[in-house]
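Just below is one structure, and these are the notes that go with it.
Nothing fancy with the numbering, it's 1 onward along the sequence.
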Amino acid sequence: MPAVPRPGRHVLVLGGTTEARELAAELAATAPEVRVTSSLAGRVGTPRLPVGEVRIGGFGGPDGLARWLREHAVDVLIDATHPFANTISLHAAQAAATAHVPLLSLRRPGWVPGPGDDWHPVASLDEAAAALPALGSRIFLTTGRMGLAHFAHLTDLWFLVRSVDAPEAPHPPRMRTLLDRGPFTLDGERALIAAHRIDVLVTKDSGAAATAPKLAAAREAGIPVVLVTRPPAPDGVPTVAGPAEAARWVRRQLS
């Protein structure tokens, strides 16, 4: 028999990802007696909101998050943030330990190269920028608006920058901005690469299916991909790959 959570239980989901929204919906459908609060960082102007309660903004570091967990009687904490949101993941681990709240990491699997891929893994945006001059001159940059300063010194290269919100300086001087939000299609990515004569793709290993078509389009076009690898997850935190598995873990914790 499936575990049935006791009434009055409270789950905090650190979200902002597709998986976080899917988890909130899954819990609303399978454990309606559980109060689910989703927390968004507030870095996107018009975020896609999950079902249930939503709070927007930071907590004030790990101590602030631990205090919030205690004050709001949170029974379970889920870190379903972006794989590159390393700071909040570290804060979540510290806060959960301080407040004695069970923590689960919901982290989508990373991308895996296939035949024909020309991937160049790097550990940071600085390493990505250093690799570009030897690889091409027209760059499709899809690492988000927050890290453009790492590429601002590359004055000889041209960038097509795609982000949800408009970027701010500093950024590369030769740049065109494309404001868009996934999911993206293979046909659309092919068209972008062809229309802008892209010869290098730069991306982070987010692992998201919604943004994976650019990798297939790069493979077809025969252009290299500079792939920023993920930061390591905090030690000792159990991890699952999908919302359904996370929801089962939550129900077991709260039963």
Side-chain angles (χ1 to χ4, degrees), residues 1-44 46-60 62 64-110 164 181-183 206-211 230 233-234 236-255:
M1 179 179 296
V4 177
R6 287 173 282 166
R9 310 293 259 170
H10 189 191
V11 176
L12 175 62
V13 179
L14 304 177
T17 59
T18 299
E19 291 77 17
R21 293 190 295 273
E22 291 176 351
L23 174 59
E26 176 80 9
L27 290 173
T30 62
E33 67 278 16
V34 174
R35 176 188 173 195
V36 178
T37 301
S38 296
S39 178
L40 310 181
R43 291 181 177 176
V44 177
T46 55
R48 292 173 175 168
L49 298 180
V51 298
E53 300 178 31
V54 177
R55 70 171 301 281
I56 297 178
F59 292 94
L65 176 53
R67 184 167 54 251
W68 201 96
L69 295 174
R70 290 190 294 260
E71 291 176 350
H72 293 81
V74 172
D75 297 285
V76 171
L77 176 61
I78 307 294
D79 175 14
T81 56
H82 193 277
F84 283 83
N86 194 43
T87 298
I88 185 59
S89 294
L90 292 172
H91 289 179
Q94 296 169 29
T98 299
H100 304 289
V101 172
L103 169 64
L104 177 73
S105 174
L106 171 53
R107 181 174 287 216
R108 67 180 76 123
V164 176
R181 188 200 306 258
S206 68
T211 56
R230 298 178 176 190
V237 178
T239 301
V240 297
E245 189 178 356
R248 289 193 295 270
W249 185 90
V250 169
R251 291 194 296 268
R252 289 195 301 269
Q253 293 292 318
L254 300 183
S255 61

Pairs meeting criterion salt bridge (Lys or Arg N to Asp or Glu O under 4.0 Å) with involvement of residues 11-20, two or more places apart: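 Of all non-adjacent pairs touching residues 11-20, those that pass salt bridge (Lys or Arg N to Asp or Glu O under 4.0 Å) are Glu19-Arg108.
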Sequence neighbours excluded - salt bridge (Lys or Arg N to Asp or Glu O under 4.0 Å) pairs with any residue from residues 76-91: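 Sorted pair list comes back empty.
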Heavy-atom check, side chain of [X] versus side chain of [Y], under 4.5 Å:
{"X": "Val54", "Y": "Leu40", "value": "yes"}
{"X": "Arg251", "Y": "Thr30", "value": "yes"}
{"X": "Leu27", "Y": "Val34", "value": "no"}
{"X": "Val11", "Y": "Gln253", "value": "no"}
{"X": "Ser39", "Y": "Phe59", "value": "yes"}
{"X": "Val36", "Y": "Leu23", "value": "no"}
{"X": "Ser206", "Y": "Thr211", "value": "yes"}

Looking at [X] and [Y], what are the two nearest heavy atoms and their distance?
{"X": "Pro62", "Y": "Ala95", "result": "O-CB, 3.4 Å"}
{"X": "Ala96", "Y": "Leu77", "result": "CB-CD2, 4.2 Å"}
{"X": "Ala93", "Y": "Val237", "result": "CB-CG2, 4.2 Å"}
{"X": "Gly16", "Y": "Ala20", "result": "N-CB, 4.0 Å"}
{"X": "Gly182", "Y": "Arg48", "result": "O-NH2, 2.9 Å"}
{"X": "Pro243", "Y": "Leu106", "result": "N-CD1, 3.9 Å"}

Going from [atom1] on [X] to [atom2] on [Y], what distance comes out if it is rounded to the nearest 0.5 angstrom?
{"X": "Arg9", "Y": "Asp75", "atom1": "CZ", "atom2": "CG", "result": "4.0 Å"}
{"X": "Arg230", "Y": "Arg107", "atom1": "CZ", "atom2": "CZ", "result": "6.0 Å"}
{"X": "His10", "Y": "Leu69", "atom1": "NE2", "atom2": "CG", "result": "9.0 Å"}
{"X": "Leu254", "Y": "Glu33", "atom1": "CG", "atom2": "CD", "result": "9.0 Å"}
{"X": "Arg252", "Y": "Arg248", "atom1": "CZ", "atom2": "CZ", "result": "7.5 Å"}
{"X": "Thr81", "Y": "Asn86", "atom1": "OG1", "atom2": "CG", "result": "9.0 Å"}

Parallel, tilted or perpendicular: rings of Trp68 and His72 (30°, 60°):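 Plane angle under 30°, so parallel.
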Polar side-chain atom of Arg55 near backbone of Gly57 as donor-acceptor pair, under 3.5 Å: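 Side chain of Arg55 to backbone of Gly57: a pair is present.
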Main-chain N/O of Ala80 paired to Thr17 side chain as donor or acceptor, under 3.5 Å: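 Checked: pair present.
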Short side-chain donor-acceptor distance under 3.5 Å, Thr18 and Arg21: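 Indeed, the side chains of Arg21 and Thr18 share at least one donor-acceptor pair under 3.5 Å.
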Leu104/Val76 under side chain to side chain contact (heavy atoms under 4.5 Å, CB included): CA gap, chis, key distance, verdict: CA-CA 8 Å; Leu104 177 73; Val76 171; 5.8 Å; no
